[in-house]
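Contents: one structure, followed by commentary.
Lettering follows sequence order; numbering is per chain, from 1.
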Number of protein chains: 2
Amino acid sequence: MPADALSRVFSALADPTRRDMVTRLAVADATVNELAEPYDVSLQAVSKHLKVLQDAGLVSRSREAQRRPVHLEAEVFDLMTKWIERYRRQAEERYGRLDDLLRTMPDDVEPTPPPATGAAR
Amino acid sequence: MPADALSRVFSALADPTRRDMVTRLAVADATVNELAEPYDVSLQAVSKHLKVLQDAGLVSRSREAQRRPVHLEAEVFDLMTKWIERYRRQAEERYGRLDDLLRTMPDDVEPTPPPATGAAR
DNA sequence: TTGTTGTTCAACCCGATGGTTGAACACCTT
DNA sequence: AAGGTGTTCAACCATCGGGTTGAACAACAA
């Protein structure tokens, strides 16, 4: 599992079952058995999903007699949010710059559709 | 590829190379050849990565002579951000509620750590 | 027409992933 | 000590994902 942290988080959330687990864990902690109940898969499969979420840092586990309750770790979400917001902002700024460019565009552009795609390079 | 939209987006961004492409596309549109340049993989591999990003709705492609410039579609990021924020907020509210619970807690609780885990179910 | 450039398609390899079942471990109850 | 409950480990199987190479397609340039 040499993948970087961000990859592990994205990868963990790429599975609908795991996202559903996260959804339910946002409401309340739960045990493996409780989590497994709605899904039509083995307990072992659910346990594996939890391992993925845990390796991604999205959940933590404690011990409580035989049970091992699962707890959502909300902080990791910030990692993703930051990454996403950064590039969404960049892309938006870029549109801003493109607007400026178009606004100050001289008239000597050829009639063929200007390569709006090749703003750089 | 019957996976739902959100799964496709998360899955697409789970790969570091593809995230790097997105990073660079946030700065400017680029062709396959331009995108491939920094990576030590074949052009075909890069083309495949782009297909994944496109299927996830993260990029679009146009035609410009032989070239097929790649363009970042920033809107899809909102889908993820919304999903993430929703559960992050829920989890935080939950802590709030737990704080309330602890604040208004009566004295007749047993000395053993109260099962804060079993709030639901 | 022939060639050159940019890109994708097709077939294949290999390691990772999601699922299974059966056995084992951990902890409580009796 | 023996049994029950909750969870994980181990081995296995099928599919998927990222990589490769070789051939093909698309559009321009001679």
For B:T31, report the nucleic acid contact type (base, sugar-phosphate, nothing); a contact means any heavy atom under 4.0 Å.
sugar-phosphate

Nearest to the side chain of [X], heavy atoms from C-beta on, is which of [options]?
{"X": "A:R67", "options": "D:dG6, C:dT21, D:dT8", "result": "D:dG6"}
{"X": "B:S42", "options": "D:dT21, D:dG19, C:dC27", "result": "D:dT21"}
{"X": "B:V32", "options": "C:dG19, C:dC28, C:dT8", "result": "C:dT8"}
{"X": "B:K48", "options": "D:dT20, C:dG19, D:dA27", "result": "D:dT20"}
{"X": "B:V41", "options": "D:dT7, D:dG19, C:dC27", "result": "D:dG19"}
{"X": "B:V52", "options": "D:dT8, C:dT7, D:dG18", "result": "D:dG18"}

Give, for atom CG of A:D4 and atom CZ of A:F10, the distance between the pair rounded to the nearest 0.5 Å.
10.0 Å

To the nearest 0.5 Å, atom NE2 of A:H49 lies from atom CG of A:D20 at 10.5 Å

Calculate the interatomic distance between [X] atom [atom1] and [N] atom [atom2]; express it in whole Å.
{"X": "B:Y39", "N": "D:dG18", "atom1": "OH", "atom2": "P", "answer": "14 Å"}
{"X": "A:K51", "N": "C:dG18", "atom1": "NZ", "atom2": "P", "answer": "12 Å"}
{"X": "A:Q66", "N": "C:dA24", "atom1": "CD", "atom2": "C1'", "answer": "16 Å"}
{"X": "B:D15", "N": "D:dC16", "atom1": "CG", "atom2": "C1'", "answer": "14 Å"}
{"X": "A:R18", "N": "C:dG18", "atom1": "CZ", "atom2": "C1'", "answer": "8 Å"}
{"X": "A:R19", "N": "C:dG18", "atom1": "CZ", "atom2": "P", "answer": "12 Å"}
{"X": "A:D40", "N": "C:dG18", "atom1": "CG", "atom2": "P", "answer": "18 Å"}
{"X": "A:D55", "N": "C:dT17", "atom1": "CG", "atom2": "C1'", "answer": "13 Å"}

Polar contact flag, side-chain donor to acceptor under 3.5 angstrom, A:R19-B:S7:
yes

When you check the side-chain N and O atoms of B:T81 and A:R88, is any donor under 3.5 Å from an acceptor?
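No, because no side-chain N or O of B:T81 sits under 3.5 Å from a partner of the opposite role on A:R88.
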
5'-most by nearest nucleotide on DNA chain C - A:V46 or A:A65:
A:V46

So does A:K51 pair up with A:D55, basic N to acidic O under 4.0 Å?
yes

Using only heavy-atom distances, decide whether a donor-acceptor pair under 3.5 angstrom links the side-chain of B:Q44 to the base of D:dG22.
yes

Encoded 5' to 3' (Watson-Crick or G-U under 3.5 Å; [ ] crossing; | other strand), DNA chain C becomes ||||||||||||||||||||||||||||||

Quick check on side-chain contact (heavy atoms from CB on, under 4.5 Å): which of A:L50, A:L25, A:V76 does A:L58 satisfy it with?
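The passing option is A:V76.
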
Under 4.5 Å between side-chain heavy atoms, counting indirect links through other Ile/Leu/Val/Met/Phe/Trp/Tyr residues: same cluster for B:V52 and B:L13 or not?
no

Hey, does the side chain of [X] come within less than 4.0 Å of [N]'s phosphate (OP1/OP2), counting only N and O?
{"X": "A:S47", "N": "D:dT7", "value": "no"}
{"X": "A:H49", "N": "C:dG19", "value": "yes"}
{"X": "B:R63", "N": "C:dG6", "value": "no"}
{"X": "A:N33", "N": "D:dT7", "value": "yes"}
{"X": "B:R68", "N": "C:dG6", "value": "no"}

A:R24 versus A:P38: any side-chain heavy-atom pair under 4.5 Å?
yes

